[in-house]
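The next block holds one structure in the form of structure tokens; read it before the comments.
The first residue in the sequence is number 1, and the count goes up from there. Just the heavy atoms: all of them, side chains too, but no hydrogens, waters or symmetry mates, feed the values below.
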Amino acid sequence: MAFPVPSHLPQRATPQDVTSKVLSTMDEATNKSLTASLAKSWLEELDATIQSTKERIRDRIHADLPQFERQLQTSISVQTRLRTLSTEVDSLNHSLHDSESGLVPSLVKALTAHSTLAQKATNARIKHEALSHLSHCRKAFSSLDTLVHNGDLPEAVKSCARVEQLLKDAPRALVQSEVYLDFKRKFNATKARAEEQLSDAYSRCVLVSPHELTIAQSVQVRQSERTLSLSEILSSSSPASLDNHLNTLRRDITIHYIDIILTQPMSVVENGFKLTCFPSPPNEEIIGSRIDNLSQTLQFLYVHLFAHLPETKRTAFLQSLCKPVVSSVLNNILISNLPSSFARLPSFLKLVTDTVAFEKTCVIGLLGNDSADCPIKDWADGVGGHYERQRRVHILENSRTKILEPDNFSNSFYTEVEVVQATSEPEVVPVQEEVVEDAWVLDEDNSSASVKVNDDGWGFEEDAGSAKKSEDGWGFDDEADGDSSDKIDDGWGFDDTAEESAEPTADGSSTKLETNGHEPEPESDDAWGLDDEATADEAPPEGEANWDDPWGERISVPVDSAGPPPALSVKSPPKVATRLEKLANKGKKSLNENSPMNSPSIATPFSPNVSSSPAISSPSFNTKAALPSHTSIPSAASKLPDKRPPDLSFSPPKETFLVSSRMKDIVALVQETLREGRELSDSRLLSTLESSSSSGTTLYQTAASILDLYRALYPVVFSGILQSIEGPIRFSNNCLYLGTEIETIGKDLHGSNVEAIKGRLGECEKAFKLLGESWYGDAIEKQRQLVDNILTEGTQGFVSTGDQDRYDGCENAMNQVLQEIRRISQKWKDLLTKSKYYTALGSVTDAVLCRVLQDVLALGDIPELESHRLSELCRILLALEGLFNEDPEKPSFVVAYVPSWLKFSYLSELLEASLADITYLFEEGALVDFEVEELARLVRALFADTALRANTINKILSGHPSPS
């Protein structure tokens, strides 16, 4: 049963003809629907269709009956002619293919007989040709075999060529025959025997051993009486065999003679046809003799061997020796013997001249190399550059080894630097009398005569005055009290000084200090001494002169002073802190343009975050620069006899800093390199070989490359050391020392072609000085950040110090900062110059004080307990003052290096002061270091909101009092 087509698929088109319709209907019928009547209907339908078709055919014929009849007759005619043609074709086929009388079988028989006859004739002809060729081959081979047996090898080689040609011309029918193959095998064996005898003859003629070279001109063939010459042997050898012999010969000559003669001391002896090489003592050898030995060897080979080579091989073989000879001369004679010092250069240049002559004579003249291709001559033309480049590599390798040596901090030395100071000397040298110093040496005294002095280490000067003010330990003016039991020690431990009047001279009149054409400037009554218009009636205190020179290089001029002043009375009200004012005044007076002596600027570290300090002397790292002399002033204990000027000695102030001994080695390498370059440039040794006049330039530039190498390698290789406290300072010192030495070296360079290297050395000098200052500044900034982080994390802004735990944390942080700064001081003290050491230490200290000032002044409310505790915390850092004092008998110079010291000192007292004390200090101008907003904020934080506090704040906000 057919598979039913789903309804959703496209259905077959309805058939158009009757047969298709009937078949479709029959296909749709099923077993149930198929009946006899249905089948009868189908038959009837088919019969009707057939009848209908017949009727249409008949109608169509009758519609055009004449045409139909004409076509019918034509079809009958065609059938008749077809039958006639078929009969004729059958007859013709019988005539051609009949086995008895047919044409084709007769023709095939005749052709077959002809083909057989032709094949027999061809076979006879080919056989005749093969036999004839074999006969010729047999005769030629017999002759060849006789020649080989008799040792006539040159003739045998020619005969081999004829036989070989016969074999090549053999008929095709003979090539695959057994007799031909057997004959060919016998010929190859005979030919091989002839070549073997030639090779044996060559081997006995040309003997190449490591130390002996023998070339016979003739040799007897083995097992014969024939003697062959070397020319016959070489010309008779086959091309392949000769090429093999020549390749072996070239290899042996290159290894056993060219390379050995040029690399080892040898003596060459020629004896007839034998050349022998004997090792020579190396101590007695002259390098130039190796060139002579090689030349003699090549001459021997050319005369006894190369001249006998066939023309077709001689030129190519001789030129093939040129490259090994030239390469060996360059590598083993010239490049390997480049001198390591200038003293050996003249003898080397003679050797270069000899090698150039060798190339012209042997390589070009003997071996036939192209005259335009002269590698040795080209190398010799640039021998100066080769020498300098080789020296550059050697020098830089030695420098690299020296730079990469592990640091040995014990292998160091101190170098001196002169301190550059701006000096202005008075014209008259006054004679002063002895003075008694107080504890701070801040007392003002009256000078009895004028004195000529240089600026001290800081360049600060005080104006002359007629009387001294009484000061207590904190700088407050004291009211005189005769009772010594009322004396109290101040918080700083300063001895109190007494008032004294001007001491008259011998003629009863007071003496004024003479200056360089200027009247002494008066000391202002304000706290900072900024009033330049006031009249002066006080002399500069001797103690301050000592304080200005922290290294003890200037000693105070002695003057008489009165006894100690009365101590501060407990009942006396607080006064202006004149002593602290004077310390601040000393830092500011250098800015006064009307001062009779101006001070130089401080050498600030190379860091934008490092606070600048008051003017101090800065070290100059030019140890050869001429500097102004510095006055040596007698001590306070000495007296000047007969009122005459003292015997003043002048010497430039100097400081020292620690430098690695490795720097001396680097400087020595630079100097030696420059010296060698100058010697090479001045000697003109290379003028005959080089057209360029720039000899020595590469060595000059190598000197700068040594410095570049150190600058590039050290920070990378020793980065671990540079992370320590003292590592950057050591590197900074090394760089500054190198910069100074480079500057000195550059000034000593003279000549016609040193401008370029002087420029390079100038760049290196600037780079090293900049690098030194940068590492110095970075080291300071790193420690500033360290102590600042300790305070920031430990104190947390000094908030809630009334809580004991918070106070303990702040106290630990302050002590930790104190210990850290002391540790920094111990690490840096022996490394830096004094001025840079105190500048660096002062910058770190100032960072701590500024952080404490900023945090304390930012507090919005400070209860009484917290104010006392904050004051105690501040006093912890006052111990840092001891780091800025070298002589316990003299005052410290902390103010000069720590700009915030006075402000910080006042802060510790203001935290416990009353409103009246603060008001008085403000009115007297003692708090000018504070901004008015800072003071107002501090007063609000310390005191309750009262009318008195409001009045005090309003007075403060109105601005600092004007100097009177």
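Annotation: side chain of Val417 is not in contact with side chain of Lys654 (no heavy-atom distance under 4.5 Å).
Tyr838 and Phe893 have perpendicular rings, their planes meeting at more than 60° on a 0 to 90° scale where under 30° would count as parallel. Using cut-offs of 30° and 60° for the angle between ring planes, the Tyr897 and Phe884 rings count as parallel.
Salt bridge Glu773/Lys769: absent, no basic N to carboxylate O contact under 4.0 Å. The pair Arg875-Glu909 meets the salt-bridge criterion, since a charged nitrogen lies less than 4.0 angstrom from a carboxylate oxygen. A salt bridge does not link Arg784 to Asp788: none of the charged side-chain nitrogens sits closer than 4.0 Å to a carboxylate oxygen. Electrostatic pairing of Arg400 and Glu405 does not count as a salt bridge here, judged by no charged N lying under 4.0 Å from a carboxylate O.
No donor-acceptor pair closer than 3.5 Å links the side chain of Ser892 to the backbone N or O of Asn885. With hydrogens and angles ignored, the 3.5 Å screen pairs no side-chain donor or acceptor of Glu397 with any backbone N or O of His394. Side-chain atoms of Asp846 come within 3.5 Å of backbone atoms of Ser900 as a donor-acceptor pair (strictly under, hydrogens ignored). In this structure a side-chain-to-backbone donor-acceptor pair under 3.5 Å is present from Ser705 to Gln701.
At a cut-off of 3.5 Å, with distance as the only test, no side-chain donor of Thr656 or Glu416 sits close to an acceptor on the other residue. Between the side chains of Glu820 and Gln816, no donor-acceptor pair of N or O atoms lies under 3.5 Å.
Here the CG-CE distance, from Asn734 to Met663, works out to 4.0 Å after rounding to the nearest 0.5 Å. Rounding to the nearest 0.5 Å gives a distance of 14.0 Å between CZ of Arg869 and CZ of Phe798. Atoms CD1 and NZ, on Ile742 and Lys747 in that order, are 13.0 Å from each other to the nearest 0.5 Å. Taking NZ from Lys827 and CD1 from Ile729, the interatomic distance works out to 12.5 Å, rounded to the nearest 0.5 Å. Taking CD1 of Ile666 as the reference point, atom OG of Ser660 lies at 8.0 Å (rounded to 0.5 Å).
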Donor-acceptor contacts under 3.5 Å from residues 706-715 side chains, at least two apart:
| from | atom 1 | to | atom 2 | distance (Å) |
| --- | --- | --- | --- | --- |
| Asp708 | OD1 | Arg711 | NH1 | 3.3 |
| Asp708 | OD1 | Arg711 | NH2 | 2.9 |
| Asp708 | OD2 | Arg760 | NH2 | 2.6 |
| Tyr714 | OH | Asp407 | OD2 | 2.4 |

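Taking both residues in full, the closest heavy atoms of Arg662 and Leu404 are given as NH1-N, 4.4 Å, listed atom of the first, atom of the second, then distance.
Applying the side chain to side chain contact (heavy atoms under 4.5 Å, CB included) test between Ile956 and each of Val932, Leu927, Leu938 identifies Val932 as the sole match.
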Take Glu872 and Tyr807 through the side chain to side chain donor-acceptor pair (under 3.5 Å) test and state the conclusion after the steps. CA-CA 10 Å; Glu872 292 175 3; Tyr807 175 75; 3.0 Å; yes
Applying side-chain contact (heavy atoms from CB on, under 4.5 Å) to Arg730 and Ser412, what does each step give before you reach the verdict? CA-CA 10 Å; Arg730 290 181 181 274; Ser412 305; 4.1 Å; yes
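Taking the six-membered ring for Trp, Trp828 and Tyr837 have ring centres at least 6.0 Å apart.
Annotation: cation-pi pair Lys664/Phe413 present, NZ/CZ under 6.0 Å from the ring centroid and within 45° of its normal.
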